[in-house]
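Keep in mind that the numbers below use all heavy atoms, side chains included, and drop hydrogens, waters and symmetry copies. The chain is numbered in sequence order, starting from 1.
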Amino acid sequence: VLGGWGTGCAPGHYLMSEDTQTASPEEAVQNAKNYLINQSDWKIDCSHFVLACYHSGKMNRFLKHQRGNHNLVRDLNTYLEIQKGRRVHATDIRPGDILIFNKTYDINHDGHIDDKDLYTHTGIVEDYQNGLVTYIDASDDRKPPRIHLRRFSFIDNNFNETVARDPATGRKIHARETFHASYAVQ
């Protein structure tokens with residue numbers, strides 16, 4: 001896997017108590033920046049990183065009821081869909097949005113990274129300008145630092161890093177093609 005997105009974004013335990021007040025998008029971005037600066041080596045997967053930044057009791061209550069499911073990114077996507085916060089257009093993306101990605105690794109272990117590998121990564125938008133998304137993410141499988149500031153562009157290929165390589169074909173997979181959705185947190 002290139003770019004350090006790796007595996008392990010989905011399973012795990014929940015970080016916050018159920019009665020915790022959800023951070024505002026601005027607070028979540030500030031939390032993500034603080035982790036990036038002060039705890040960049042924190043061994044935390046992407047979904048728990050997002051939960052730590054938002055410290056949402058409401059999200060945790062929903063996610064605890066999904067325990068039989070072992071893909072926390074998919075559960076987070078379901079929660080965000082139910083909240084009806086999905087951004088319809090890329091131009092609607094705002095700081096604090098939660099990004100969901102597909103095809104960042106072979107989640108179904110079939111030897112390919114393809115359209116069957118859904119809900120494999122998540123992060124928090126730090127900024128969006130002129131088609132360029134800047135976001136903060138984490139991966140516990142990365143070599144330190146595990147928390148990164150990343151970018152991809154809907155327009156410019158100079159900001160479309162390789163994030164994975166299909167193990168079966170060697171094909172490079174770029175950040176833009178893994179983007180699934182952006183959600184406002186409500």
Response to the item:
Here the gap from Lys84 atom NZ to Gln186 atom CD, rounded to the nearest 0.5 Å, amounts to 10.0 Å
Discussion item. Asn160 vs Asp156, test: side-chain contact (heavy atoms from CB on, under 4.5 Å). Steps then yes/no.
Written reply: CA-CA 7 Å; Asn160 194 16; Asp156 186 346; over 6 Å; no
Practice prompt. Taking all non-hydrogen atoms of both residues into account, name the closest pair between Gly123 and Phe101 and its distance.
Written response: N-CE1, 4.4 Å
Fill in: Under 3.5 Å donor-acceptor, Lys103 side chain and Asp115 backbone
no
Worksheet entry | From CD (Glu81) to CD (Gln83), nearest 0.5 Å | 11.0 Å
Fill in: Sidechain-backbone polar pair: Asp117 side chain, Ile107 backbone, donor-acceptor under 3.5 Å
yes
Fill in: Exam field: side chain Asp137 to backbone Cys46, donor-acceptor pair closer than 3.5 Å
no
Fill in: Gap separating the CZ atom of Phe154 from the OH atom of Tyr128, nearest 0.5 angstrom
6.0 Å
Worksheet item: Can you tell me if Tyr135 and Asp97 form a side-chain donor-acceptor pair at under 3.5 Å?
Response: no
Practice prompt. Might you work through the side-chain contact (heavy atoms from CB on, under 4.5 Å) test for Glu27 and His55, ending with a clear yes or no?
Written response: CA-CA 10 Å; Glu27 291 168 329; His55 55 79; 5.5 Å; no
Worksheet item: Mind checking whether Tyr54 and Pro25 have side chains closer than 4.5 Å, heavy atoms only?
Response: yes
Item to complete: Check whether any side-chain heavy atom of Arg86 sits under 4.5 Å from a side-chain heavy atom of Ile100, and report yes or no.
Response: no
Practice prompt. Could you tell me whether the side chain of Arg165 and the main chain of Gly170 form a donor-acceptor pair under 3.5 Å?
Written response: yes
Practice prompt. Check whether the side chains of His174 and Arg176 place a donor and an acceptor atom closer than 3.5 Å, and report yes or no.
Written response: no
Discussion item. For the backbone of Asp92 and the side chain of Arg87, can you confirm whether one donor and one acceptor N or O come within less than 3.5 Å of each other?
Written reply: yes
Discussion item. Using a 3.5 Å distance criterion without hydrogens, assess whether the side chain of Thr122 forms a donor-acceptor pair with backbone atoms of Leu99.
Written reply: yes
Response to the item:
Interatomic distance, CD1@Ile44 vs CZ@Arg142, rounded to 0.5 Å, equals 12.0 Å
Discussion item. Under 3.5 Å, is there a donor on one side chain and an acceptor on the other for Asp45 and Ser47?
Written reply: yes
Discussion item. Using side-chain heavy atoms (C-beta onward) and a distance below 4.5 Å, is Thr78 in contact with Phe62?
Written reply: yes
Worksheet item: Which residue, Asn77, Asn71, Leu76, forms the side-chain contact (heavy atoms from CB on, under 4.5 Å) with Val73?
Response: Asn71
Response to the item:
So CD1 of Ile173 and OG1 of Thr104: to nearest 0.5 Å the spacing works out to 8.5 Å
Worksheet, complete the sentence: d(Asp106 CG, Thr120 OG1) to nearest 0.5 Å is 10.0 Å
Fill in: Heavy-atom side-chain proximity of Val185 to Met59 below 4.5 angstrom
yes
Practice prompt. Verify the distance criterion only: is there a donor paired with an acceptor across the side chains of Asn34 and Gln30 at less than 3.5 Å?
Written response: yes
